[in-house]
Novice: 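Quick one: this structure, given as structure tokens, is what I'll be asking you about.
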Amino acid sequence: SQQGEEDPQALSIQEGENATMNCSYKTSINNLQWYRQNSGRGLVHLILIRSNEREKHSGRLRVTLDTSKKSSSLLITASRAADTASYFCAPTGGTSYGKLTFGQGTILTVHP
Amino acid sequence: GAGVSQSPRYKVAKRGQDVALRCDPISGHVSLFWYQQALGQGPEFLTYFQNEAQLDKSGLPSDRFFAERPEGSVSTLKIQRTQQEDSAVYLCASSPRWGAEDQETQYFGPGTRLLVL
């Protein structure tokens, strides 16, 4: 299965701190995507990292990928209350059309 | 531009009723996906369309679930004889044609929250 498993299940931090979430998966992938879900904006794509990439940045987001360990991490720097959401990883591969398989997600709470 | 829209946003059905959930994808998007999200869980894949062709329906939980996209744009997910275990949020997502810069990104709608009593 391509399903990613996020860790920890829940994370609570203060505004300004960094948040790190991890994702593990079991089979080879073409790419891995991170999505965020909150009540206000639904499920939103954050970043995609390809299997031949090791690190990618987008604003305050930094994603790493270690295909030898079949794991990825998402770092959010200088967190804000608005970052409060559930974060899901979606490793992709095995189909030609990009079907996504999500884990249970990491619930991030950022306290003002 | 307009994002993916879904209607209704909320639906309450009595057990045994049929329901129809609508998805309007982003204009021009070739791929359309339906997902089911139970409370506290991640979304689970239901079915996939490329234009009007339903290429993968492996995630549909039973033959009570049926999806269509007859003209390759709007899609409808129909659930017949609803059961309490069908209560969930149903998410629709679309993505552009292969070759587009964001071909692998899925753009999600706000979802339809279905409650079966």
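Order of the sequence lines sets the chain letters (A, B, ...), proteins ahead of strands, with each chain counted from 1.
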Novice: So with a 6.0 Å cut-off around NZ of A:K56, is the heavy-atom count from everything else above 12?
Specialist: yes
Novice: Other residues, nucleotides and ligands only: do more than 12 of their heavy atoms fall within 6.0 Å of CZ on B:R15?
Specialist: no
Novice: Through direct or indirect side-chain contacts below 4.5 angstrom among Ile, Leu, Val, Met, Phe, Trp and Tyr, which residues connect to B:V4?
Specialist: B:I26, B:Y107
Novice: A:E6 versus chain B, heavy atoms under 4.5 Å apart: side chain, backbone, both or neither?
Specialist: neither
Novice: Just give me the residue among B:G42, B:P110, B:P43 that pairs up with chain A most often, heavy atom to heavy atom, under 4.5 Å.
Specialist: B:P43
Novice: With a 4.5 Å cut-off on side-chain heavy-atom distances among I, L, V, M, F, W and Y, is there a chain of contacts connecting A:L32 to A:M21?
Specialist: yes
Novice: Check whether A:Y35 reaches the backbone of B:Q106 with its side chain - one donor and one acceptor, N or O, closer than 3.5 Å.
Specialist: yes
Novice: Using non-hydrogen atoms and a 4.5 Å limit, figure out which bit of B:E44 sits close to chain A: side chain, backbone, both or neither.
Specialist: neither
Novice: Name, in order of residue number, those residues of residues 46-54 of chain A that have a heavy atom at a distance of less than 4.5 Å from a heavy atom in chain B; otherwise write 'none'.
Specialist: A:L48, A:R50
Novice: Around atom CD of A:E55, are there more than 12 heavy atoms from other residues, nucleotides or ligands closer than 6.0 Å?
Specialist: yes
Novice: To the nearest 0.5 Å, what is the distance between NZ on A:K99 and OH on B:Y35?
Specialist: 8.5 Å
Novice: Under 4.5 Å heavy-atom distance to chain A, tell me which part of B:L91 shows up: side chain, backbone, both or neither.
Specialist: side chain
Novice: For B:R64, does the CZ atom sit with more than 12 other heavy atoms under 6.0 Å from it, leaving out its own atoms?
Specialist: yes
Novice: Are B:F65 and B:F45 connected in a single hydrophobic cluster, I mean Ile/Leu/Val/Met/Phe/Trp/Tyr linked by side-chain heavy atoms less than 4.5 Å apart?
Specialist: no
Novice: According to a hydrophobic-cluster definition based on side-chain heavy atoms being under 4.5 Å apart (Ile, Leu, Val, Met, Phe, Trp, Tyr only), do B:V116 and B:V89 belong together?
Specialist: no
Novice: Within a reach of under 6.0 Å around CD of B:E71, are more than 12 heavy atoms found that belong to other residues, nucleotides or ligands?
Specialist: no
Novice: Among residues 61-78 of chain A, which residues come closer than 4.5 Å to chain B, judged by heavy atom distances?
Specialist: none
Novice: Look up atom CG in A:L100 and atom OG in B:S95, then write down how far apart they are to the nearest 0.5 Å.
Specialist: 8.5 Å
Novice: Side chain from CB out, backbone as N, CA, C, O: work out which of these in B:T105 comes under 4.5 Å of a heavy atom of chain A, or both, or neither.
Specialist: both
Novice: Between B:L77 and B:F66, is there shared hydrophobic-cluster membership here, with clusters defined by ILVMFWY side-chain heavy atoms closer than 4.5 Å?
Specialist: no
Novice: Is the count of non-hydrogen atoms from other residues, nucleotides or ligands lying under 6.0 Å from B:L39 atom CG greater than 12?
Specialist: no
Novice: Tell me whether B:Y90 shares a hydrophobic cluster with A:L43, the cluster being built from Ile, Leu, Val, Met, Phe, Trp, Tyr side chains joined at under 4.5 Å.
Specialist: no
Novice: So, does B:E104 use its side chain to make a donor-acceptor pair with the main chain of A:Q33 at under 3.5 Å?
Specialist: no
Novice: To the nearest 0.5 Å, what is the distance between CD (B:Q41) and CZ (A:F88)?
Specialist: 9.0 Å
Novice: Restricting to ring-ring contact (aromatic ring centres under 6.0 Å, His included), what partner residues turn up for B:Y48, sequence neighbours left out?
Specialist: A:Y97, B:F33
Novice: Report which part of B:S58 has an atom under 4.5 Å of a heavy atom belonging to chain A: side chain, backbone, both, or neither.
Specialist: side chain
